[in-house]
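Notes for the one structure printed next.
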Amino acid sequence: METNRDIGENLVSRVGRGWTFLSNHAHVLVCVAEAPDARIRDIAQRVGITERAASNIVADLEHDGYITRERQGRNNHYRLHRDLPLRHPIENHRRIGDLLALLTERP
């Protein structure tokens, strides 16, 4: 009999071959939360998207105030604004900090 753990492991092995529960915007947000000094190239590689797509998503997040990009020498440092609400009406009673607390090691 297959356990929940077995089912979970089978699902994880199929990632990339279909849909996921989170959008690429959420994936980029998680990457920035875990590594605020990450390069766009590194974010793109981790999420599994192009550098252009990652750059566009970071620009979206910055434009709408979810992150602030600060130049530090030749690199960027991203600051998250965890108190802002999620965007969809179904979940906009929650903050991005709530989501990140579930998905990252760092609350």
Side-chain angles (χ1 to χ4, degrees):
M1 184 162 134
E2 206 171 32
T3 67
N4 283 347
R5 182 182 174 130
D6 294 333
I7 292 168
E9 288 174 359
N10 288 336
L11 289 172
V12 168
S13 70
R14 294 194 314 248
V15 168
R17 296 189 318 176
W19 62 274
T20 66
F21 281 100
L22 300 175
S23 69
N24 286 339
H25 279 69
H27 293 138
V28 168
L29 196 62
V30 167
C31 289
V32 169
E34 291 179 340
D37 297 316
R39 298 176 304 170
I40 292 292
R41 174 180 299 156
D42 300 327
I43 293 169
Q45 184 175 22
R46 183 153 182 235
V47 174
I49 57 178
T50 65
E51 285 183 46
R52 183 181 193 113
S55 181
N56 288 338
I57 290 170
V58 166
D60 287 345
L61 294 170
E62 185 176 23
H63 178 267
D64 289 340
Y66 288 93
I67 64 173
T68 301
R69 184 184 335 211
E70 301 166 348
R71 199 78 173 142
Q72 292 185 345
R74 295 177 57 204
N75 300 317
N76 290 318
H77 174 81
Y78 301 100
R79 188 168 37 100
L80 297 171
H81 301 283
R82 296 168 184 267
D83 58 326
L84 292 177
L86 295 170
R87 291 175 48 98
H88 195 279
I90 290 175
E91 66 256 355
N92 68 3
H93 64 285
R94 297 288 191 173
R95 308 285 177 226
I96 64 165
D98 299 333
L99 176 66
L100 292 171
L102 290 171
L103 300 174
T104 65
E105 297 287 326
R106 190 176 146 214

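All residue numbers refer to positions in the sequence shown, counting from 1. Just so it is clear, the values below take in all heavy atoms, side chains as well, and ignore hydrogens, waters and symmetry mates.
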What are the two closest non-hydrogen atoms of [X] and [Y], and how far apart are they?
X    : Y   : result
L22  : T20 : O-OG1, 2.8 Å
T50  : A53 : OG1-N, 3.0 Å
G65  : L84 : O-CD1, 3.0 Å
P85  : I96 : O-CG2, 4.3 Å
L103 : V30 : CD1-CG2, 3.8 Å

Before you tell me yes or no, could you show the steps for V58 and Y78 under side chain to side chain contact (heavy atoms under 4.5 Å, CB included), namely the whole-Å CA-CA distance, both residues' side-chain angles and the distance that decides it to 0.1 Å?
CA-CA 9 Å; V58 166; Y78 301 100; 3.7 Å; yes
For residues 39-50, which residue pairs pass the salt bridge (Lys or Arg N to Asp or Glu O under 4.0 Å) check, not counting sequence neighbours?
E34-R46, R39-D42, R41-E51
How would you list all residue pairs meeting salt bridge (Lys or Arg N to Asp or Glu O under 4.0 Å) that involve residues 85-100, not counting sequence neighbours?
D64-R87
Is there side-chain contact between D37 and Q72, with at least one heavy-atom pair below 4.5 Å?
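D37 reaches Q72 side chain to side chain.
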Min side-chain heavy-atom separation I57-I43 under 4.5 Å:
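They are not in side-chain contact.
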Could I get the full list of side chain to side chain donor-acceptor pair (under 3.5 Å) partners for R71, not counting sequence neighbours?
N76
Among all residues two or more places apart in sequence or in another chain, which pass the side chain to side chain donor-acceptor pair (under 3.5 Å) test with Q45?
none
With [X], which residues qualify under side chain to side chain contact (heavy atoms under 4.5 Å, CB included), at least two apart?
X   : result
T68 : E70, R79, H81
A59 : none
N56 : R52

Could you list the residues that satisfy salt bridge (charged side-chain N to carboxylate O under 4.0 Å, His left out) with D60, not counting sequence neighbours?
none
From N75 CG over to R69 CZ, what is the distance, rounded to the nearest 0.5 angstrom?
12.5 Å
CG on L29 to CG on L80, rounded to 0.5 Å
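Output value for this atom pair is 5.5 Å.
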Give a yes or no on this: more than 12 heavy atoms of other residues, nucleotides or ligands lie within 6.0 Å of atom NE2 of H93.
yes
Between L61 and V32, is the side chain to side chain contact (heavy atoms under 4.5 Å, CB included) condition met? List the steps.
CA-CA 11 Å; L61 294 170; V32 169; 5.8 Å; no
Answer yes if Y66 and L102 sit in the same cluster of Ile, Leu, Val, Met, Phe, Trp and Tyr residues linked by side chain heavy atoms under 4.5 Å apart, and no otherwise.
yes
